[in-house]
Visitor: 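Right, I'll just put the structure down here and ask away after.
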Amino acid sequence: MKTPLTVKSVLLALEERAPSASAEKWDNVGLLVGSASARVRGAVVSIDLTERSVERAKKSKSNLIVNHHPCIFPRGKGLSRVTEGEGGSKLVFDAVKNGISVLSVHTNFDRCALEVPHQVSKALGCRPVGRLFDGEL
């Protein structure tokens, strides 16, 4: 029997590629909305949590959104309230109400994803040999 895909297993796979420990200290990455134990029925990938990404998840019956920019930001500040009102809190409210989890991979992905440096190196006709970091991980 195949092991069901959960939000936690998606998060762990992303952690292997872009560990949250490599994110900037001020960043808010990882599971920001929802349940780690939820079985994934489908996923939407987006840059930001937007009305369109939430609507697409609902329409496709997906219960996971993986986005680049955190919907709750900056780290430790959080939303002052999650209501049906305007802006980001409305989107978080809509995701929660519809059982949609939201994962964010932001500066950890920026630091660890090698596709961009590889493409730039290829275009310049050279070979990438590593990453530059401006501090300790």
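These values consider heavy atoms only, across backbone and side chains, with no hydrogens, waters or symmetry-generated copies.
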Visitor: Which residues satisfy the side-chain contact (heavy atoms from CB on, under 4.5 Å) test with S46, sequence neighbours excluded?
Guide: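 Testing S46 for side-chain contact (heavy atoms from CB on, under 4.5 Å), a comparison that skips the adjacent residues, returns S53, I65, N67.
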Visitor: Does E51 have any side-chain contact (heavy atoms from CB on, under 4.5 Å) partners at least two apart in sequence or in another chain, and if so, which?
Guide: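 Partners of E51 under the side-chain contact (heavy atoms from CB on, under 4.5 Å) test: E55, K90, L91.
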Visitor: For E15, which residues count as a salt bridge (Lys or Arg N to Asp or Glu O under 4.0 Å) partner, sequence neighbours excluded?
Guide: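 Not a single residue meets the salt bridge (Lys or Arg N to Asp or Glu O under 4.0 Å) criterion with E15.
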Visitor: Side chains of residues 95-102: which donor-acceptor partners sit under 3.5 Å, not counting sequence neighbours?
Guide:
| unit_1 | atom_1 | unit_2 | atom_2 | d |
| --- | --- | --- | --- | --- |
| N98 | ND2 | D94 | O | 2.8 |
| N98 | ND2 | D94 | OD1 | 2.9 |
| S101 | OG | S35 | N | 3.2 |

Visitor: How long is the span from the OG1 atom in T107 to the NZ atom in K25, to the nearest 0.5 Å?
Guide: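 That separation rounds to 9.5 Å.
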Visitor: If the condition is side-chain contact (heavy atoms from CB on, under 4.5 Å), which residues does A18 pass it with, not counting sequence neighbours?
Guide: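 A18 satisfies side-chain contact (heavy atoms from CB on, under 4.5 Å) with N108, F109, C112 only.
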Visitor: Would you please test V10 and V40 for side chain to side chain contact (heavy atoms under 4.5 Å, CB included) and show each step?
Guide: CA-CA 9 Å; V10 172; V40 176; 4.2 Å; yes
Visitor: Per the ring pair (Phe, Tyr, Trp, His ring centres under 6.0 Å) rule, what does the pair list look like for residues 2-24, sequence neighbours excluded?
Guide: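 Pairs touching residues 2-24 that pass the test: none.
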Visitor: Please name all residues satisfying side-chain contact (heavy atoms from CB on, under 4.5 Å) with R41, sequence neighbours left out, ordered by chain then number.
Guide: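 side-chain contact (heavy atoms from CB on, under 4.5 Å) check on R41 returns N63.
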Visitor: Rounded to the nearest 0.5 Å, what separation is found between the CD1 atom of I72 and the CG atom of L32?
Guide: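 Atom-to-atom, I72:CD1 and L32:CG are 5.5 Å apart.
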Visitor: What is the distance from atom NE2 of H69 to atom CG of D27, rounded to the nearest 0.5 Å?
Guide: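 With rounding to 0.5 Å, NE2 (H69) is 9.0 Å from CG (D27).
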Visitor: Write down the atom of A23, the atom of V29, and the distance for their closest heavy-atom approach.
Guide: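 Between these two residues, the closest heavy atoms are CB-CG2, 4.0 Å.
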Visitor: Can you measure from OG (S22) to CG (D110) and round to the nearest 0.5 angstrom?
Guide: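 Result: 9.5 Å between the selected atoms.
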Visitor: Using 0.5 Å steps for rounding, measure from the CG atom of L31 to the CG atom of L14.
Guide: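 If we round to the nearest 0.5 Å, L31:CG and L14:CG are 11.0 Å apart.
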Visitor: Decide if atom NZ of K8 counts as having more than 12 heavy atoms of other residues, nucleotides or ligands within a radius under 6.0 Å.
Guide: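 Counting other residues, nucleotides and ligands, NZ of K8 stays at 12 neighbours or fewer.
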Visitor: Can you name the nearest heavy-atom pair linking S104 to H68, along with the distance?
Guide: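 Distance-wise, the nearest heavy atoms are OG-O, 3.1 Å.
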Visitor: Go through the steps for E24 and H106 under the test side chain to side chain contact (heavy atoms under 4.5 Å, CB included), then give the verdict.
Guide: CA-CA 9 Å; E24 294 289 339; H106 188 213; over 6 Å; no
Visitor: Counting N and O atoms only, with roles assigned by atom type, does the side chain of S60 sit under 3.5 Å from a partner on the main chain of R56, one being a donor and the other an acceptor?
Guide: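 Confirmed, S60 side chain pairs with R56 backbone.
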Visitor: Using every non-hydrogen atom in the two residues, find where A36 and T6 come nearest and quote the distance to one decimal.
Guide: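 Result for this residue pair: O-CB, 3.8 Å.
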